[in-house]
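Lettering follows sequence order; numbering is per chain, from 1. No experiment lies behind these values; they were computed from the predicted model shown.
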Amino acid sequence: MSHPMIEARNLCFVYPDGTRALQSVSFRIGPGESVGIIGCNGAGKSTLLLHLNGYLTPTGGEMRLSEVPITRQTVAMARRAVGLVFQDSDDQLFMATVSEDVAFGPLNLGLTDDEIERRVKAALDRVGVAHLRDRPPHKLSGGEKRSVAIATVLAMEPDILVMDEPSSNLDPRARRRLIELLRSFEHTRIIATHDLEMVVEVCSRVIVLDGGTVVADGPTREILNDEVLMIAHGLERPHILRHLHPH
Amino acid sequence: MHMADALISPAVGGTMWVASTGLLAWSARKVRQTLDDKLVPMMGVLGAFIFAAQMINFSIPGTGSSGHLGGGMILAILLGPHAAFLVIASVLTVQALFFADGGLLALGCNIFNLGVFPAFIAYPLIYKPITGSAQGGSRLWVGAMLGGIVGLQMGAFSVVMETTVSGISDLPFKTFVWLMQPIHLAIGVVEGLATAAVVSLVLRVRPEALPERPPTGHGAGGSRRVVIGLLIATVAVGCGLSWFASTRPDGLEWSMGKVSGKEELETPGDGIHESLAKIQQKTAFLPDYGFKSAEPVVATTELTPKEPAQWPAVSAGTSVAGLVGGLITLLLAGLIGYGLKRRAVASTRQDQSNTGGEHS
Amino acid sequence: MSFGHYIEVGKMDELGRMDSPMHRLDARVKTLTTIAFIVTVMSFSRYEVAALMPFFIYPFTLMAVGRIPPGYIVRKLLIASPFALAVGIFNPMLDQRVMGSLGSHDISGGWMSFASIVIRFSLTVSAALTLVACTGIHRLCAGLERMGLPRVFAVQLCLLYRYLFVIVDEALRMRRGVEMRSMGRRTLRFSTYVSLIGHLLLRAMDRAQRVYQAMVSRGFAGQFRVMRPTVVRWNDVAFMVGWAVFFAAARVWDIPTAIGNLLVGGVA
């Protein structure tokens, strides 16, 4: 893994219907960092994530990956380096079997059959679902689906993992497994979520979005403990922190 | 109005397969040419939507019955004719494969009847010109209604044609038409209403969801040319096959006649019914039984003033022998199946005990 | 299509994913053999009854070796039968020429052709259902694609099948929500119906958009690639050739009548 730097410079995005989803968003995320992106519904989290791998093209400013702007010419490289895990695993698992789904990305990279097989096996082993290989995605439980969805992205061997609400719709045990899995990764991790307790456990840094702009960016505990800031932006201080630092 | 295999002849089934697969290949090429990568996932998901939509009914006031969306028109409106045709074809394929709604041989007919008319006739020639560029309003309702009605009327008529030409059913053409068309007028009205209502809701809630799709391909002229071309090809293949069927009882029959050297059976004739009558003479393939020499039994009551076709010679003995033999064969077939099943089960048990549950 | 139907898809899906000697055969070989079967059955005269009987061996064998429960196929057969029966039932009324007899009873051509329709229907439909049950839609799709089915068509067929379960679940939930507020009415008022279907449609379109995003995010650039190594082995060939010989033999020789003649003594 080359651990590149990902950077947003004055990123702006306006939807065709005129909605200004992002307004001058800027941040730099270094190699191996684990960053939580938080904010209430409609703050622009999902729109931001779709910029990170070049699915959306900014209407102003730019996204840079290892100092290279993501443009039409470099987007293939960006998609290789940045793996996106979607909120609804059903959207991500569109093939007939788990192994076909995991092989979808590597096939698009034009790898040899042996290499594809190696990656499918490695990715499924990494998330601990090798036994689901030949199962149809629609027969899996929510937790299994999420694991497989992560495997489909790992098989691309990305440097940066971007996840949209990875802990949503998971039962407590599946959520716990997911947190342990996320903590074990060495990739750069960017996680958009409402699950602030998970952020405390997984992320060392937090970016707070509100109304399409960055309103706070700093160490997780510092920001999540700032009751005034959190409430001002429709969030709340996670219980796990109250427990640790009683006031 | 899904056709079943049991009601169509191989000639009709084959002809419609040729027509439908031709249109399928052409539509697939057109879809590829649009270079819209988003179209394929949209097609798949909307196909699934059509299934779900067909499960939900609304009550038709004053009739006690209920209706639902068929889907051909709305797919054409959302996806354009070529993509819609492919989606309709795959919906019908899944229905044929999983629900036995229409057989495999009849699938060609069903794709044609339920796909071609909404996608390539009702949508481009009726809905589009009526609604024009004005999206929504009364023109949408009129266009969708007329489109729905015309599409289903043509489809129903096509069912009648295919069944009649196949000659398996004795239902006279006129009676069948009178049975099918009025029912499908009602279904067409329902289809049109539901389509228009759903499309106008989508337009109201999210107008950008209905993209102003450029006419796919190279304008209506191009697609009309292809449709006409395919129509001609279909008629030609159909004529060819029925000529083949009329001079040779049917392809398989004929080739078997060749093999067994029984061509002297053939007498010149014309028309499907006569050719079908000749198929009956196939008992002569088994000259040992001597049934051929038996006199045709004269029908006692004749309800239908049918053309004096030569009816096959069947003696009473044949029927009894056929019945007894048929039942025994069925029994044998069942026994073979049962025996194989026991063996299959036994071998799995063995497999499992041998390999100790080792699985790939 | 009803909710019962939907559950049946799940069952068919399970059967298609089982493992048996029949499931392991090449999908193309099974498809071609089944098509040959259907065409042979359809090619019999419209009054043929007895000579069709040997053909039951084909679906029976597939069911037995593929471990498909026959009761399941029979139930589907019954569900699908109304149209064929409705059209066929006119035959006995319209064609009353005596074509044979059983003892002192005359049998009209109409009844014979009706019986023939019923038997053909049972044969062709059970063969087709058994084919799917011991192949599974995806192997079938892959097989058909290798036989020249356009890629675009195969891909969206697979996607349709994949999202069938997802969208139908969504529809179920939405309908349940409406039903709970509609005082036990089973069918919906038109306005409610339109609103429900319209929103189901919008959600389906959103879903398609997200599926596309997921594809693009994993390097999809318009070309759908699949890795499905399949080779035709000798037992595939044996399966096809064996059945083809049987179909031809059963088509040429009326085995049941021969057996019957042996037993009742040939009447000429």
Against chain C, label [X] side chain, backbone, both or neither, depending on which of its atoms sit under 4.5 Å from a heavy atom there.
X: Leu86(B); value: both
X: Thr21(B); value: neither
X: Leu193(B); value: both
X: Val205(B); value: side chain
X: Leu97(B); value: both
X: Thr175(B); value: neither
X: Ile50(B); value: neither
X: Ala83(B); value: neither

Contact part of [X] toward chain B, heavy-atom cut-off under 4.5 Å: side chain, backbone, both or neither?
X: Ile119(C); answer: neither
X: Phe114(C); answer: neither
X: Leu52(C); answer: neither
X: Met22(C); answer: neither

Closest heavy-atom pair and its distance - His82(B), Trp26(B): NE2-CH2, 3.3 Å

field: Least distance between heavy atoms, Ile167(C) atom then Ala48(B) atom
entry: CG1-CB, 3.9 Å

Among [options], residue most engaged with chain B (heavy-atom pairs, under 4.5 Å):
options: Ile197(C), Thr61(C), Val125(C), Val211(C); result: Ile197(C)
options: Leu201(C), Val118(C), Val155(C); result: Leu201(C)
options: Leu196(C), Ile117(C), Val216(C); result: Ile117(C)
options: Leu77(C), Ile137(C), Leu129(C), Leu160(C); result: Leu160(C)

message: If we count only N and O atoms by modelled type, under 3.5 Å, do the side chains of Ser116(C) and Arg120(C) hold a donor and an acceptor together?
response: yes

field: Pair Tyr58(C)-Thr34(C), side-chain donor/acceptor within less than 3.5 Å
entry: yes

Give a yes or no on whether the backbone of [Y] and the side-chain of [X] come within a donor-acceptor separation of less than 3.5 Å.
X: Arg251(C); Y: Ser43(C); value: yes
X: Thr135(C); Y: Val132(C); value: no
X: Ser126(C); Y: Leu123(C); value: yes

- request: Starting from the C-alpha separation in whole Å, work towards a yes-or-no answer on side-chain contact (heavy atoms from CB on, under 4.5 Å) for Leu159(C) and Met43(B).
  value: CA-CA 8 Å; Leu159(C) 285 171; Met43(B) 286 160 68; over 6 Å; no

- request: Look up atom CG in Leu149(C) and atom CG in Leu157(C), then write down how far apart they are to the nearest 0.5 Å.
  value: 7.5 Å

query: Should Met174(C) and Arg203(C) count as side-chain neighbours, where that means a heavy-atom distance under 4.5 Å?
result: yes

message: Over 60° means perpendicular and under 30° means parallel, so tell me whether Phe190(C) and Tyr193(C) are parallel, tilted or perpendicular.
response: parallel

- prompt: Among Ile74(B), Val40(B), Thr163(B), who wins on heavy-atom pairs under 4.5 Å with chain C?
  reply: Val40(B)

